[in-house]
**Student:** 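Here you go, one structure.
All heavy atoms count here, side chains included; hydrogens, waters and symmetry mates do not. Here is the naming used below: chain letters follow the sequence lines, and residue numbers restart at 1 for every chain.
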Amino acid sequence: MDISRREFLKYLGITTAGVSLAGLGCDSMWSVPDEVFEKIGGAPRIETWKTSVCSLCSGGCGIKVRLIDGIPVRISGNPLHAVNRGGICPMAEAGIEALYNPDRMRQPLQRVGERGEDKWQEITWDEAMQTVVSRLQALRDKNAAHKLAFFTGPDNNLSSRLNERFMQAFGSPNLFVFDQNKPSTAATYLTQGHKSELAYNFKDIEMLINFGADFLDEGPSPIRFNQLYSEFRNRGERRNVKVVHVDSRLSRTASNSSRWLPAKPGTMAALALGIANVLIKDRNFDSRFIKAHSFGFDDWVDSSGNSRIGFKTLVEDNYYPEKVAQITGLPARQIVEVAREFGAAKSALVLAGGHAVNSSNGVYTLWAIECLNALKGNYKDDGVISVPKAPPFSEAQKTEVDQVAASGLNQPDLLQSMSEICFTDDAVAFLPKAMLENQPYQIEMLFLANANPVFNSVNQGDFAAALTDVPFIVSFSSSLDETSAYADLVLPDHVFLEKHDVAYSVPMVDFSHFGMQQPVVAPMYDTRHTGDVILQIAQSLGGTVASSLPWADYKTYLEDHLRGVYETGAGTIFSERIDEDWLEFLKERGWQLFEYSTFDEFWQVLLEKGGWWNPFPDATDFRRLIKTPSKKYEFYSQVLEGEIKAHLQTARASEDEQNEVLQKWKVEARGDLVFLPHYEAPELRDNEGRFPLHLLPFRLITNITGEGGNLPMLQELFGMLSRNYWQSWVEINPETAHDHGVSEGDLVQITSPIGSLEVEARLIPGIMPGVLYVPFGLGHKSNGRYAKGIGVNPYEILLEEFDHLSGTSSLTSTKATVEKRNRKEMT
Amino acid sequence: MSELRHNTFEDEDLIRPIEQTGPGFYLMVAILLGVIVFAGYTYIRQVFLGLGVTGLAQPVSWGFYIINFVFFIGISHAGTLISAILRLSKAEWRRPITRMAEVITAIVLAIGGLHPILDLGRPDRMLHLFTEGRLQSPLLWDVTSITAYFAASTVYLYLPMIPDIAILRDRGTRPRWLYEFLAWGWRGTEHQKKVLERAINILMVMVIPIAISVHTVISFIFSMTIQPGWHSTIFGPYFVVGAIFSGIAALLIVMIAFRKAFDLGKYLKLIHFQYLSTLLLIMSFLWFYFTFAEYLTGFYGHEPNEMRVFLYKFTGDYAPWFWTMGICNFLIPVVILVNPKTKKIPGILIASISVVIGMWLERLIIVVPSLANPRLPYPTGIYIPSLTEWSLFAGGVAVFILAYMLFAKLFPIISIWEIQEGREESVHAVAERLKSYLPDPPSEQLLTEKLGSKR
Amino acid sequence: MPKWGMVIDLNKCTGCGECVTACKVELNVPVVGPEESAKGRTILCMDILSTYEGEFPEVKMRHMPRPCFHCEHPPCTKVCPVRATYKNDEGIVAQIYPQCIGCRYCQVACPYTVKHFNWTKPEWPEERCEALNPDVSVRPEGVVEKCTFCVHRLQKAKEQAAVDGRDLREGDYVPACVESCPTKAMYFGDLDNPKHKVSQLKKSHRAFRLMEDLGTEPKVYYLSEVE
Ligand SMILES: Nc1nc2c(c(=O)[nH]1)N[C@H]1C(S)=C(S)[C@@H](COP(=O)(O)OP(=O)(O)OC[C@H]3O[C@@H](n4cnc5c(=O)[nH]c(N)nc54)[C@H](O)[C@@H]3O)O[C@H]1N2
Ligand SMILES: Nc1nc2c(c(=O)[nH]1)N[C@H]1C(S)=C(S)[C@@H](COP(=O)(O)OP(=O)(O)OC[C@H]3O[C@@H](n4cnc5c(=O)[nH]c(N)nc54)[C@H](O)[C@@H]3O)O[C@H]1N2
Ligand code: SF4
Ligand code: SF4
Ligand code: SF4
Ligand code: SF4
Ligand code: SF4
Ligand SMILES: [Mo]
């Protein structure tokens with residue numbers, strides 16, 4: 001049967017739509033008469049597609065936007081994109097709403113009320129720019145360029161390079177990126193002395209042990225990991241990948257693994273070392289790699305002739321399965337089983353994230369876990385771990401630094417002299433402390449872009465207080481979030497669908513690539529690309545600042561960078577024809593895949609296909625990257641030794657003095673143990689048993705750190721799996737719930753030592769007894785009508801606790817209690 | 001002849017309420033109108049704002065409107081069916097009851113029949129039922145049979161009223177034009193009487209299957225789906241029994257109310273109540289039997305989805321309603337009605353009210369739990385009716401009472417001519433009939449003689 | 001006559017929720033807001049059923065995406081009084097929104113509880129109105145809706161094929177959820193055409209349908225997880 005067009009339209013209700021929709025407030029495009037439909041024959045309106053990049057999380061997925069008569073109506077995945085291969089997640093799918101959000105900022109605003117009060121007045125770009133430039137000029141005139149600080153969000157696009165460049169030319173060391181990925185390179189730093197982000201070749205692994213990273217819901221690229229985990233279970237002819245997940249919550253990541261090991265919160269280090277214990281006892285590790293390329297595995301004698309204990313002794317003496325079983329609450333048999341399987345696998349990998357990192361003992365935990373990769377020899381030249389190279393962008397000419405800039409750059413940055421933290425320079429959680437104490441100096445002007453710490457940090461109150469003290473704050477946010485409420489000026493950015501950019505190096509991807517973000521629609525309002533604004537500011541400041549940032553606009557800046565890729569001829573633009581065999585064929589011929597006669601052609605094809613990649617991962621020579629004193633992979637970290645020494649007053653400090661700083665950093669271990677990965681009990685304040693439960697947060701694929709809050713679709717689907725729409729909830733084990741008189745669906749109050757929240761209870765057997773899990777993402781106090789007042793923000797009741805080695809804030813240090821509330825009557 | 005009757009009118013008591021109106025009446029009308037106007041307002045609001053104003057949601061998307069639909073239509077079996085059965089079986093004690101019963105039917109059918117419209121998401125498209133109706137849908141069977149039943153039962157109510165209306169016309173009761181019109185030229189001639197009797201007899205026979213069909217097809221709305229708790233062959237008779245059950249209870253309540261209000265003790269004697277309440281008792285047992293059979297098969301089948309609904313009613317969220325229903329429909333009526341000491345008017349009133357409540361709960365328990373327990377793992381729904389639904393329920397009841405009052409204000413609530421007929425003819429007829437029931441006399445010849453003479 | 005059907009491989013599905021979101025956007029399903037959601041009126045034509053089995057620590061969590069099953073013998077269409085839902089010749093159980101009187105009989109009759117009612121007037125911010133999918137009508141309040149198997153895409157595919165002067169090929173007609181599933185866990189095609197992937201997959205030993213005992217013959221098959 002062929003339904004006639006007319007009949008078909010009738011069935012779909014389109015013909016009558018014009019009539020019945022008139023009352024919906026959405027009529028214009030529905031009142032298209034039949035004849036028009038029929039004349040166009042097929043598409044009722046003109047349909048086009050544009051590729052771009054989703055920038056709602058660090059995943060940088062390639063997208064394809066469907067436009068009807070030039071109006072974007074839907075986002076789907078770009079199947080050509082080398083990383084996400086056509087997949088997108090709910091965030092991107094709902095991302096279309098970002099364009100049409102009625103609470104978007106439409107033009108620059110100037111604060112008229114108190115800070116945080118959210119009272120604004122509209123001003124023109126010219127006025128706004130004038131204010132900003134004159135203030136910046138004044139700073140430079142005072143020779144106080146370093147007193148400008150810039151807080152940006154996690155951008156793996158070229159605007160971060162521009163920001164760096166601007167800050168350098170201007171003369172301030174105070175550029176901070178609000179991203180947890182930086183502090184979490186800790187283990188790499190301690191064992192290898194460099195801070196490069198690592199990438200993994202998942203194609204050949206047989207086993208993966210994941211310590212706490214909820215990759216499927218919040219990883220560095222959630223959609224890629226959904227694809228990977230699915231592929232792990234469907235390898236066809238090849239053996240499936242065995243995935244062991246360690247965490248106290250049966251997350252989606254855990255449930256998509258082959259085995260779930262619910263270790264007690266904060267004890268993952270012990271488990272990792274227990275596995276190491278079995279491997280070592282079974283002599284089931286890469287002894288060749290250990291022997292040739294590692295330091296501190298066996299006991300050793302230092303230069304002063306003292307004998308020092310090595311990793312092997314430590315693990316053998318302290319982390320036998322029975323003891324680990326006691327610490328972690330897992331049966332010893334299971335630990336041995338997993339360790340044996342891990343040892344037996346030809347190629348196996350461990351990964352960590354989530355609560356393994358965000359813990360008061362995070363560095364030692366990551367480090368202990370990381371050692372398993374070394375034992376498995378994963379750092380060999382052909383190992384599964386690599387450090388991908390950035391695409392061959394052309395390097396712009398060197399930034400010119402005038403005298404003002406040079407003196408500014410000579411100043412210490414805000415965190416440099418922090419004695420509370422051991423070694424990271426990205427411990428953004430400590431910024432408020434520095435700012436409130438005016439250490440080492442007062443910040444006079446602050447730029448905020450793409451970061452919302454007043455909402456997204458355990459010490460959000462401190463952030464708010466610190467911001468209140470800054471004389472002048474400029475926010476580039478595209479919506480009025482909690483942090484922007486403290487700004488003096490808001491210079492709204494476009495939303496991602498209106499912007500040009502290049503998103504490169506998605507975390508953990510082992511080949512170099514970039515995606516082309518292009519405006520799929522002209523800016524809807526009087527907003528400006530923050531990149532353009534920065535360039536314009538630089539031009540207005542003149543002098544070396546202007547000459548260091550000579551581009552007319554951000555697009556030119558991008559083109560300039562991409563010229564390098566064009567000229568080297570490396571890699572290839574995404575294309576339909578790239579399959580594995582074809583690649584092999586090309587590789588033999590030296591991978592010069594396509595040729596373009598002009599750069600313009602190259603640029604056009606890039607925009608059309610969505611990006612570029614170099615399918616052949618460069619074999620990484622770890623020995624070249626390693627910067628440890630021993631020039632080897634260090635089980636015993638001399639890097640840490642050096643870092644601690646730097647905090648001591650004298651070169652030959654006494655043991656007492658060292659103990660003093662260790663105590664300040666809440667490190668329990670003493671002696672050699674400090675420099676070896678080991679298990680330390682997590683920091684937990686119990687207040688005499690008044691708070692018997694452990695409170696842990698988690699994230700969902702339906703919400704980015706909180707930014708998704710103003711997309712109504714995401715708010716509605718926020719907890720779609722547990723059916724919590726527009727709502728926060730707490731996940732509790734049924735037994736624990738029962739002990740506290742809580743049943744499914746009850747309204748409960750969760751109380752921590754610093755506050756309480758009201759949420760709905762979900763009784764879930766996949767939660768470890770004694771633990772409360774509350775999702776991050778809701779509880780906005782501003783950010784528009786869809787976000788404000790919906791759900792709760794667990795940050796509000798999390799204790800301010802840190803891992804003082806890296807300065808990362810701990811999300812796992814809070815104890816709480818739960819109690820049933822009477823449900824408010826619904827009307 | 002009618003003049004004659006007028007002068008020596010024995011049944012003045014039945015006419016008096018029509019010709020005299022007390023202040024209580026107006027007060028009552030005012031209150032009821034208030035309730036009805038409020039219900040009308042909430043309904044109009046619902047039309048404008050959509051069904052969102054109800055407490056319905058996913059998965060419980062049917063609630064009060066459907067429950068009340070089934071309930072009201074059930075009550076309607078009070079009348080026409082009972083009166084037809086009693087007439088057919090020539091139960092002489094029926095005479096003061098039939099009119100009251102039939103009025104219930106006509107009013108409650110109209111109210112019940114409107115309920116599905118209250119429930120429509122798009123009442124503006126109601127006519128689609130006629131223009132695009134699909135006869136395969138049980139919903140259309142309902143539309144058909146309810147319309148038929150309504151037509152039959154109003155005619156069946158009207159025909160026996162004609163002689164009484166003629167009495168009112170002849171007395172000159174106001175509004176004259178109404179009685180003039182409705183009396184349809186009744187003069188009480190032999191021919192007219194014959195025609196009337198014939199018509200009543202035909203209708204009487206017709207109305208019984210229609211009435212049974214109505215509640216059967218209402219049950220089909222549920223049983224034609226394959227939902228747990230609904231998909232049951234027993235539902236047809238079960239619903240009919242339940243309907244008659246609640247119908248009798250409603251009739252008893254109405255009788256007791258009018259006996260009190262119009263002081264009709266002379267007509268509605270204890271014996272009437274006792275006969276009817278015996279019928280109520282029988283129906284209570286029958287109802288129990290059906291309920292028992294229905295749930296026992298469900299329980300023994302132990303189909304998981306069926307069991308979920310079963311347990312939801314027996315021990316789960318709906319247990320309070322379920323067990324209250326059991327008490328109201330079985331325990332209370334049985335305890336009261338088996339004991340001759342309590343089988344008096346107050347006791348009967350309590351039993352009847354209890355049954356009406358119990359039967360309403362039964363409808364609730366049939367509609368909601370099956371929907372609240374979907375087969376797939378969705379959250380089980382909670383259904384809390386909104387103010388709109390309550391007010392429309394109250395409105396429905398108010399319309400019933402008001403309509404009944406207005407009817408009683410215009411027409412005699414007890415059939416005068418049938419009472420008179422009873423007085424004049426029944427004693428003789430019953431004696432004759434009794435004779436025919438009794439064992440035949442021994443002689444074969446005598447028998448043929450008698451039969452012959454009868455002819 | 002093709003018989004359109006879907007196969008969902010539960011071993012591939014990770015429960016990411018993209019299909020749910022894609023469906024909502026493709027079909028112009030409105031967001032109902034916090035108050036209505038709290039009453040249980042969220043409309044999900046594609047939904048994910050999540051279940052837990054076992055007790056801590058031996059727990060298994062399962063996800064099952066659930067569209068309408070487009071039953072071969074649909075209990076929902078049988079009961080519709082006005083033919084506002086019916087099974088078309090290609091087996092798709094369609095809804096005619098302008099015809100529906102909103103009695104919700106089909107909704108209560110569907111054994112899979114997949115139908116949703118538009119309890120309130122759909123609302124979008126004014127700015128968004130222009131950006132709805134023009135291929136799919138916006139439903140008014142008071143009618144029932146459900147997954148349509150994206151039948152509007154079938155029509156487009158047919159017209160495209162007609163323009164190109166060829167028959168419909170496998171892959172021409174793919175619903176939004178299937179198309180956007182990042183793990184490629186869903187397949188769509190003609191169940192009767194032996195060349196189509198779905199007709200092969202439905203014969204897999206892992207294939208099953210939900211509540212087959214009801215005799216509804218769903219046209220959505222699942223492939224069970226491999227333990
Ligand atoms: N739904 C949702 N998705 C999100 C977000 C969200 O809020 N919601 N946030 C996005 C953002 S901003 C981020 S930063 C990401 C965070 O997500 P992730 O990037 O997963 O962050 P972490 O959990 O810190 O994991 C960091 C990774 O680095 C590895 N790692 C850390 N330190 C070391 C080390 O020393 N050695 C080795 N070998 N490996 C190390 C860990 O094993 C882990 O794989 O998630 C992004 N995705
Ligand atoms: N303890 C602890 N704290 C954490 C983390 C943790 O794991 N543990 N996670 C950390 C991590 S990884 C991160 S990345 C941060 C995330 O924290 P944030 O960086 O604060 O992330 P968002 O909430 O996404 O805030 C981004 C803000 O940028 C604005 N914005 C959106 N789009 C644009 C745009 O196009 N241009 C501009 N200029 N602005 C825009 C929005 O208003 C939004 O409020 O939270 C950190 N906080
Ligand atoms: S994973 Fe991140 S980048 Fe990819 S589609 Fe989702 S939000 Fe966008
Ligand atoms: S989009 Fe695919 S993987 Fe995600 S939930 Fe749906 S079927 Fe499963
Ligand atoms: S799943 Fe339900 S709505 Fe869909 S065809 Fe079957 S019975 Fe009808
Ligand atoms: S709600 Fe609409 S589609 Fe469903 S049965 Fe009623 S009229 Fe038919
Ligand atoms: S087939 Fe279309 S309508 Fe059905 S669930 Fe998928 S996207 Fe939604
Ligand atoms: Mo981040």
Side-chain angles (χ1 to χ4, degrees), chain A residues 1 3 8 11-14 16-17 20-21 24-26 28-30 41-42 44-45 68 71-74 76-77 87-90 93-94 96-97 100 102 216 223 226-227 229-230 233-234 250 252 255-256 262 701-702 712-713 716-717 720-722 725-726 733 764-766 768-769 790 826, chain C residues 1 11-12 14-18 20-22 24-26 31-34 37-38 42 48 50 52 54-57 59-61 63 88-90 94 96-98 121-138 140 152 155-156 159-160 163 179-180 182-183 185 226:
Chain A
M1 179 206 73
I3 331 170
F8 167 76
Y11 290 162
L12 287 179
I14 291 176
T16 42
S20 55
L21 286 171
L24 295 176
C26 282
S28 58
M29 82 184 298
W30 303 104
R45 300 281 202 88
I68 302 292
I71 298 168
V73 300
R74 183 157 172 238
S76 4
I88 51 162
C89 76
E93 184 75 49
I96 195 83
E97 289 180 333
Y100 308 109
L216 267 49
I223 224 50
N226 275 276
Q227 293 173 329
Y229 267 63
S230 176
R233 283 186 281 146
N234 292 280
L250 183 71
R252 225 155 45 71
S255 75
N256 278 289
I701 195 163
T702 39
M713 186 76 76
E716 185 143 315
L717 296 177
M720 70 170 109
L721 295 184
S722 55
Y725 315 110
W726 298 91
N733 184 282
I764 291 180
M768 175 176 281
I790 299 295
M826 263 186 342
Chain C
M1 192 55 53
N11 202 46
K12 285 189 170 177
T14 57
C16 71
E18 164 56 13
V20 177
T21 324
K24 250 181 124 99
V25 175
E26 176 78 11
V31 158
V32 298
S37 274
T42 318
I48 295 179
S50 300
Y52 291 87
E55 267 174 42
F56 185 87
V59 194
K60 179 86 192 135
M61 184 191 194
H63 303 291
N88 76 16
D89 290 355
E90 302 186 33
I96 311 173
Y97 307 115
K121 206 163 163 169
E123 272 174 45
W124 284 272
E126 210 185 305
E127 294 84 351
R128 177 80 207 280
C129 288
E130 273 191 307
L132 299 172
N133 183 357
D135 303 336
V136 179
S137 74
V138 172
H152 57 285
Q155 189 56 27
K156 277 178 92 180
E159 281 169 8
Q160 190 57 50
V163 169
E179 184 185 66
S180 55
T183 68
V226 183

**Student:** Please state whether the side chain, the backbone, both or neither of A/P102 comes within less than 4.5 Å of a heavy atom of chain C.
**Tutor:** both
**Student:** Can you check whether C/T14's main-chain N or O pairs, donor with acceptor, with A/R252's side chain at less than 3.5 Å?
**Tutor:**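 A pair under 3.5 Å: yes.
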**Student:** Go through the atoms of C/Q160 and report whether side chain, backbone, both or neither lie under 4.5 Å from a heavy atom of chain A.
**Tutor:**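 No part of it gets close to chain A.
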**Student:** Taking every non-hydrogen pair under 4.5 Å, which of A/I71, A/I223, A/N234 racks up the most with chain C?
**Tutor:**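 If we count pairs closer than 4.5 Å to chain C, A/N234 comes out on top.
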**Student:** Answer with side chain, backbone, both or neither: which region of A/I88 has an atom nearer than 4.5 Å to a non-hydrogen atom of chain C?
**Tutor:** both
**Student:** Most heavy-atom pairs under 4.5 angstrom with chain A, which of C/A185, C/G17, C/C16?
**Tutor:**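 Of C/A185, C/G17, C/C16, C/C16 has the most heavy-atom pairs under 4.5 Å with chain A.
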**Student:** Does the side chain of C/V31 come within less than 4.5 Å of A/Y725's, by heavy atoms?
**Tutor:**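 Side-chain contact under 4.5 Å: no.
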**Student:** What part of A/N226 gets closer than 4.5 Å to chain C, counting heavy atoms only: side chain, backbone, both or neither?
**Tutor:** both
**Student:** Which region of C/V226, side chain (C-beta onward) or backbone (N, CA, C, O), has a non-hydrogen atom less than 4.5 Å from a non-hydrogen atom of chain A, or is it both or neither?
**Tutor:** neither
**Student:** As an exercise: rank C/V20, C/T183, C/I48, C/T42 by heavy-atom pairs under 4.5 Å with chain A and give me the winner.
**Tutor:**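 Of C/V20, C/T183, C/I48, C/T42, C/T42 has the most heavy-atom pairs under 4.5 Å with chain A.
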**Student:** I want to check something: taking the side chain as every heavy atom from C-beta on, are A/Y229 and A/S255 in contact at a cut-off of under 4.5 Å?
**Tutor:**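 With C-beta onward as the side chain, the pair stays apart.
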**Student:** What's the spacing between C/E179 CD and C/E26 CD if we round to 0.5 Å?
**Tutor:**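 If we round to the nearest 0.5 Å, C/E179:CD and C/E26:CD are 7.5 Å apart.
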**Student:** With a 4.5 angstrom heavy-atom cut-off, could you sort out which part of A/I790 is near chain C: side chain, backbone, both or neither?
**Tutor:** side chain
**Student:** Any sub-3.5 Å donor-acceptor pair from C/E18's side-chain atoms to C/P182's backbone N or O?
**Tutor:** no
**Student:** Within a strict 4.5 Å, meaning less than it, do heavy atoms of the C/Y52 and A/L250 side chains meet?
**Tutor:** yes
**Student:** I'd like to know which of C/S180, C/P34, C/P57, C/G54 tops the heavy-atom pair count under 4.5 Å against chain A.
**Tutor:**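 The residue among C/S180, C/P34, C/P57, C/G54 with the greatest pair count is C/P34.
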**Student:** Of the listed residues (A/M713, A/Q227, A/M768, A/R233), which shares the most heavy-atom pairs with chain C below a 4.5 Å separation?
**Tutor:** A/R233
**Student:** Do A/I96 and C/R128 have side chains that approach each other closer than 4.5 Å (heavy atoms only, starting at C-beta)?
**Tutor:** yes
**Student:** Just by distance, do the side chain of A/E716 and the backbone of C/G33 share a donor-acceptor pair under 3.5 Å?
**Tutor:**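 Yes.
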**Student:** In terms of heavy-atom proximity below 4.5 Å to chain C, should A/L216 be classed as side chain, backbone, both, or neither?
**Tutor:**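 Looking at A/L216, just its side chain touches chain C.
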**Student:** I need the A/R74 CZ to A/I68 CD1 distance, nearest 0.5 Å.
**Tutor:** 11.5 Å
**Student:** Sort out for me which of A/C89, A/S230, A/S76, A/G87 touches chain C most, counting heavy-atom pairs under 4.5 Å.
**Tutor:**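 Most heavy-atom pairs within the cutoff with chain C belong to A/S230.
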